[in-house]
Amino acid sequence: MTTLDKRENAFEAEFAHQEELKFRARERAVRNLAIWAAGRLGKAGDALDAYARDVVDADITSPAIDATIKRVAEVLAPHGIGEKEIRRMMDRLMSAADLELRSPGQPSS
């Protein structure tokens with residue numbers, strides 16, 4: 001294996017690692033958004049967990065973040081929570097999840 005091959009493999013490995021971190025951060029943020037939304041809906045315990053699982057599963061199936069935000073907004077609209085507030089919360093949660101996953105010594109999930 002040449003030095004160029006080793007370098008190419010290292011870049012590919014780093015790219016794959018970064019993509020996995022992005023995926024994990026997004027799914028963590030979506031789950032936290034769903035938990036936040038479930039709290040606003042008055043869900044707790046098993047109902048909260050089930051709602052969070054449903055939102056994460058739907059996000060994985062249809063990974064457009066706009067679709068996830070609209071899905072949550074439809075449920076929260078009757079409670080006076082709009083898409084703008086949901087987007088702000090998602091941005092905060094995404095930043096926090098990204099920071100958690102990239103910080104050394106943090107538990108991974």
Side-chain angles (χ1 to χ4, degrees):
M1 181 176 280
T2 68
T3 302
L4 188 56
D5 290 335
K6 289 177 186 175
R7 187 176 219 174
E8 181 179 353
N9 288 343
F11 280 123
E12 288 174 3
E14 179 61 22
F15 178 78
H17 177 69
Q18 292 302 321
E19 289 301 304
E20 181 180 344
L21 282 177
K22 285 181 197 176
F23 175 80
R24 289 175 51 205
R26 177 178 164 146
E27 293 316 310
R28 183 177 290 194
V30 167
R31 177 164 172 69
N32 288 336
L33 179 70
I35 290 169
W36 173 82
R40 299 306 174 276
L41 296 169
K43 295 180 185 277
D46 291 341
L48 184 144
D49 290 337
Y51 180 74
R53 266 193 312 277
D54 288 346
V55 172
V56 170
D57 289 347
D59 184 70
I60 290 171
T61 303
S62 175
I65 195 64
D66 288 339
T68 299
I69 289 172
K70 286 182 192 292
R71 190 176 305 110
V72 172
E74 287 173 5
V75 175
L76 291 178
H79 298 273
I81 301 171
E83 201 172 305
K84 195 174 191 178
E85 184 177 350
I86 295 165
R87 283 188 188 282
R88 278 195 306 263
M89 180 57 70
M90 183 61 184
D91 288 344
R92 279 188 233 138
L93 294 169
M94 191 63 203
S95 294
D98 187 55
L99 185 62
E100 286 172 13
L101 288 171
R102 293 179 189 277
S103 296
Q106 291 295 321
S108 59
S109 56

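Quick note: residue numbers are just sequence positions, from 1. This is a predicted model, so every value here is computed, not measured. Every heavy atom of this structure was used, including side-chain atoms; hydrogens, water molecules and symmetry mates were not.
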*Kindly work out whether a path of hydrophobic side-chain contacts (I/L/V/M/F/W/Y, heavy atoms less than 4.5 Å apart) joins V56 to I86.*
yes
*Are I81 and I65 connected, step by step, through hydrophobic side chains (Ile, Leu, Val, Met, Phe, Trp, Tyr) whose heavy atoms are closer than 4.5 Å?*
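In one cluster: yes.
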Give every donor-acceptor pair under 3.5 Å between a side-chain atom in residues 92-99 and any protein atom, sequence neighbours left out.
unit_1	atom_1	unit_2	atom_2	d
S95	OG	D91	O	3.1
D98	OD1	R102	NE	2.7
D98	OD2	R102	NE	3.4

At what distance, to the nearest 0.5 angstrom, does [atom1] of [X] lie from [atom2] of [Y]?
X	Y	atom1	atom2	result
D49	R53	CG	CZ	6.0 Å
R88	I69	CZ	CD1	11.5 Å
E27	L101	CD	CG	11.5 Å

*Could I get the full list of salt bridge (charged side-chain N to carboxylate O under 4.0 Å, His left out) partners for E19, not counting sequence neighbours?*
K22
*Is the shortest heavy-atom distance from the side chain of M89 to the side chain of E85 under 4.5 Å?*
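No. Closest side-chain heavy atoms not under 4.5 Å.
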*Among all residues two or more places apart in sequence or in another chain, which pass the side chain to side chain contact (heavy atoms under 4.5 Å, CB included) test with N9?*
M1, E12
*Counterpart residues, side chain to side chain contact (heavy atoms under 4.5 Å, CB included), relative to V55 (two or more places apart)*: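 For V55 the side chain to side chain contact (heavy atoms under 4.5 Å, CB included) partners, ignoring immediate neighbours, are V30, A34, Y51, T68, V72.
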*Quick one: side-chain hydrogen bond (donor to acceptor under 3.5 Å, both in side chains) pairs with a partner in residues 30-41, sequence neighbours left out?*
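For residues 30-41, and leaving out neighbouring residues, there are no side-chain hydrogen bond (donor to acceptor under 3.5 Å, both in side chains) pairs at all.
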*Members other than F15 in its cluster, when Ile, Leu, Val, Met, Phe, Trp, Tyr link by side-chain heavy atoms under 4.5 Å?*
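Same cluster as F15: nobody, lone residue.
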*In the hydrophobic cluster built from side-chain contacts under 4.5 Å, what are the other members alongside L48?*
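I35, all in the cluster of L48.
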*How would you list, by chain and number, every residue that makes a side-chain hydrogen bond (donor to acceptor under 3.5 Å, both in side chains) with D5, sequence neighbours excluded?*
T2
*Which residue pairs satisfy the salt bridge (Lys or Arg N to Asp or Glu O under 4.0 Å) criterion with at least one member in residues 67-81, sequence neighbours excluded?*
K70-E83
